[in-house]
Protein chains: 2
Amino acid sequence: MKSPNHPPIETLSLTRVLYALSDPIRLGLVHSLATKGEQACGALNLAVAKSTASHHFRVLRESGVIQMRPEGTHFINSLRKEDLDQRFPGLLDAVLQAAKTETEIG
Amino acid sequence: MKSPNHPPIETLSLTRVLYALSDPIRLGLVHSLATKGEQACGALNLAVAKSTASHHFRVLRESGVIQMRPEGTHFINSLRKEDLDQRFPGLLDAVLQAAKTETEIG
DNA sequence: TCAATTGTTCTACAATTTACGAACAATTGA
DNA sequence: TCAATTGTTCGTAAATTGTAGAACAATTGA
């Protein structure tokens with residue numbers, strides 16, 4: 001497994017991050033990574049084809065929201081929380097809190 | 001001028017709000033409304049056709065980010081800051097702060 | 001070695017989004 | 001009344017996005 005490219009912190013674009021988080025599937029992935037910690041792609045059992053899942057992981061990775069670390073036959077995904085907090089303080093926490101609120105309300 | 005519809009607070013969708021904010025033109029509008037206060041559409045002199053501007057205002061309005069109040073021949077736009085703060089605490093502030101940061105950095 | 005596992009890449013397609021010009025609607029002021 | 005102002009709506013075109021299947025690549029374990 002070849003390690004994919006990750007954009008450096010200073011190149012992260014706010015609109016790109018917001019866009020990455022604006023999809024229900026991707027926001028769900030981020031929420032899951034935030035609450036359960038780092039996980040393999042397969043552990044997040046998505047309701048879409050694996051090529052589609054790969055697409056969403058790519059959007060999240062290229063926007064700087066997550067990082068992917070190769071490990072054996074799969075990838076371990078994790079939030080780039082510290083990077084995001086440094087570049088856009090409070091943003092990730094606010095989004096995660098809002099996501100939590102929304103799932104509670106329905 | 002007929003007053004346009006605005007979605008009630010409890011129906012605001014997080015992904016929809018994030019999507020509305022993920023466009024550079026719309027984020028610029030929001031930033032402008034946040035710093036300069038309520039303004040007419042024309043006062044925000046956009047670099048796009050007025051039909052395109054109308055589209056962006058509509059996206060912001062239907063996502064619940066802004067409200068539009070008819071006044072004479074034009075509309076006065078303003079952020080639904082209190083509503084957003086109530087539904088998604090800290091989100092708007094974090095986005096606005098991030099937008100400010102990004103314009104400073106470049 | 002070789003099959004199983006995991007995820008990417010390529011290709012294609014339907015749906016959505018952004019953009020613009022032209023026509024239209026509402027209001028104001030001369 | 002009527003022209004000017006302001007913004008919406010409609011129709012359309014170009015670009016982007018989300019989705020999936022098929023083929024491919026890398027790693028592990030039998």
Side-chain angles (χ1 to χ4, degrees), chain A residues 1-7 13-33 36 38-79, chain B residues 1-7 13-30 32-33 36 38-78:
Chain A
M1 288 292 186
K2 189 167 50 177
S3 184
N5 294 329
H6 296 87
S13 154
L14 175 58
T15 51
R16 212 139 165 229
V17 168
L18 293 175
Y19 180 79
L21 297 173
S22 74
D23 179 272
I25 290 182
R26 291 194 293 265
L27 184 59
L29 288 176
V30 169
H31 180 261
S32 188
L33 291 177
K36 302 178 185 172
E38 61 178 25
Q39 294 183 76
C41 299
L44 296 153
N45 57 341
L46 299 178
V48 293
K50 57 181 183 174
S51 56
T52 302
S54 184
H55 160 72
H56 286 303
F57 280 111
R58 179 175 187 160
V59 172
L60 285 172
R61 175 166 46 78
E62 294 187 341
S63 69
V65 174
I66 69 171
Q67 55 196 162
M68 302 173 73
R69 167 170 52 85
E71 190 172 292
T73 63
H74 54 283
F75 284 104
I76 302 293
N77 304 288
S78 60
L79 280 182
Chain B
M1 288 293 184
K2 189 168 48 174
S3 185
N5 294 330
H6 294 87
S13 154
L14 175 58
T15 51
R16 205 130 175 239
V17 168
L18 292 176
Y19 179 78
L21 296 173
S22 73
D23 179 272
I25 290 182
R26 290 194 293 265
L27 184 58
L29 288 176
V30 170
S32 189
L33 290 177
K36 302 177 186 173
E38 61 178 28
Q39 294 183 76
C41 300
L44 296 153
N45 57 340
L46 299 179
V48 293
K50 58 181 183 173
S51 57
T52 302
S54 184
H55 159 73
H56 286 302
F57 281 111
R58 180 176 187 159
V59 172
L60 286 172
R61 173 166 45 77
E62 293 187 342
S63 69
V65 175
I66 69 170
Q67 55 196 162
M68 302 173 72
R69 169 169 51 85
E71 191 173 290
T73 64
H74 55 282
F75 284 105
I76 301 293
N77 303 288
S78 60

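Sequence lines set the chain letters: A, B, ... in the order given, protein chains first and strands last, and positions in each chain run from 1. In this text, all values refer to a predicted model and were calculated from it rather than measured experimentally.
- Residues A/Y19 and A/S22 have side chains in contact (heavy-atom distance under 4.5 Å, counting atoms from C-beta outward).
- In this structure, C/dA12 and D/dT19 make a Watson-Crick or G-U wobble pair, each of the two defining distances being under 3.5 angstrom.
- Within 4.0 Å (heavy atoms only), B/R26 reaches sugar-phosphate atoms of the nucleic acid but no base atom.
- Side-chain contact between A/H55 and A/V59 is present, with at least one heavy-atom pair separated by less than 4.5 Å.
- Pair assignment for D/dT28 gives C/dA3, based on Watson-Crick or G-U wobble hydrogen-bonding distances that are each under 3.5 Å.
- The only option from A/L21, A/D23, A/L44 that meets the side-chain contact (heavy atoms from CB on, under 4.5 Å) definition with A/L29 turns out to be A/L44.
- When the C1' atom of C/dT17 is taken as reference, atom CG of B/L18 falls 17 Å away, rounded to whole Å.
- The distance between atom CZ of B/R58 and atom C1' of C/dT16, rounded to the nearest whole Å, is 14 Å.
- Between the CG atom of B/L46 and the P atom of C/dA19 there is a distance of 10 Å, given to the nearest Å.
- For the OP1/OP2 pair of D/dG18 and a distance below 4.0 Å, the side-chain nitrogens and oxygens of A/H55 include at least one atom meeting the criterion.
- Between B/H74 and the phosphate of D/dT8, there is no side-chain N or O to OP1/OP2 separation shorter than 4.0 Å.
- Between B/N77 and B/M68 there is a side-chain heavy-atom pair separated by less than 4.5 Å.
- Atom CD in A/E71 sits roughly 12 Å away from atom P in D/dG29 (whole-Å rounding).
- Regarding A/K50, its NZ atom lies at a distance of 10 Å from the C1' atom of D/dA22, rounded to whole Å.
- Heavy-atom distances to DNA chain C give each of B/D23 and B/K2 a nearest nucleotide, and the one nearer the 5′ end belongs to B/D23.
- The base of D/dG21 sits with one of its N or O atoms less than 3.5 Å from a complementary donor or acceptor on the side chain of A/S51.
- Between D/dA20, C/dT18, C/dG7, one nucleotide has an atom nearer to the side chain of A/V48 than all others, and that is D/dA20.
- Within 4.0 Å (heavy atoms only), A/A53 reaches no atom of the nucleic acid at all.
- For B/T73 and D/dT5, the shortest distance from a side-chain N or O to OP1 or OP2 is not below 4.0 Å.
- Remark: D/dG11 base-pairs with C/dC20; criterion is Watson-Crick or G-U wobble with both hydrogen-bond distances under 3.5 Å.
- Between A/T52 and the phosphate of D/dG18, there is no side-chain N or O to OP1/OP2 separation shorter than 4.0 Å.
- Closest to the B/H56 side chain, of the nucleotides C/dT8, D/dT9, C/dA19, is C/dA19.
- As a whole-Å value, the separation of A/I66 CD1 from C/dG7 C1' is 13 Å.
- Closest-nucleotide positions on DNA chain D for A/G72 and A/A47 were compared, and the one nearer the 5' end corresponds to A/A47.
- Rounded to an integer number of Å, the gap from B/F57 CZ to C/dT17 P is 19 Å.
- For A/Y19, no side-chain nitrogen or oxygen approaches OP1 or OP2 of C/dT16 to under 4.0 Å.
- Two residues are said to be in side-chain contact when any heavy atoms from C-beta on lie closer than 4.5 Å; B/R58 and B/P4 fail this criterion.
- Taking atom CG of B/N45 as the reference point, atom C1' of D/dT6 lies 15 Å away to the nearest angstrom.
- The shortest side-chain heavy-atom distance between A/R61 and A/I66 falls under the 4.5 Å cut-off.
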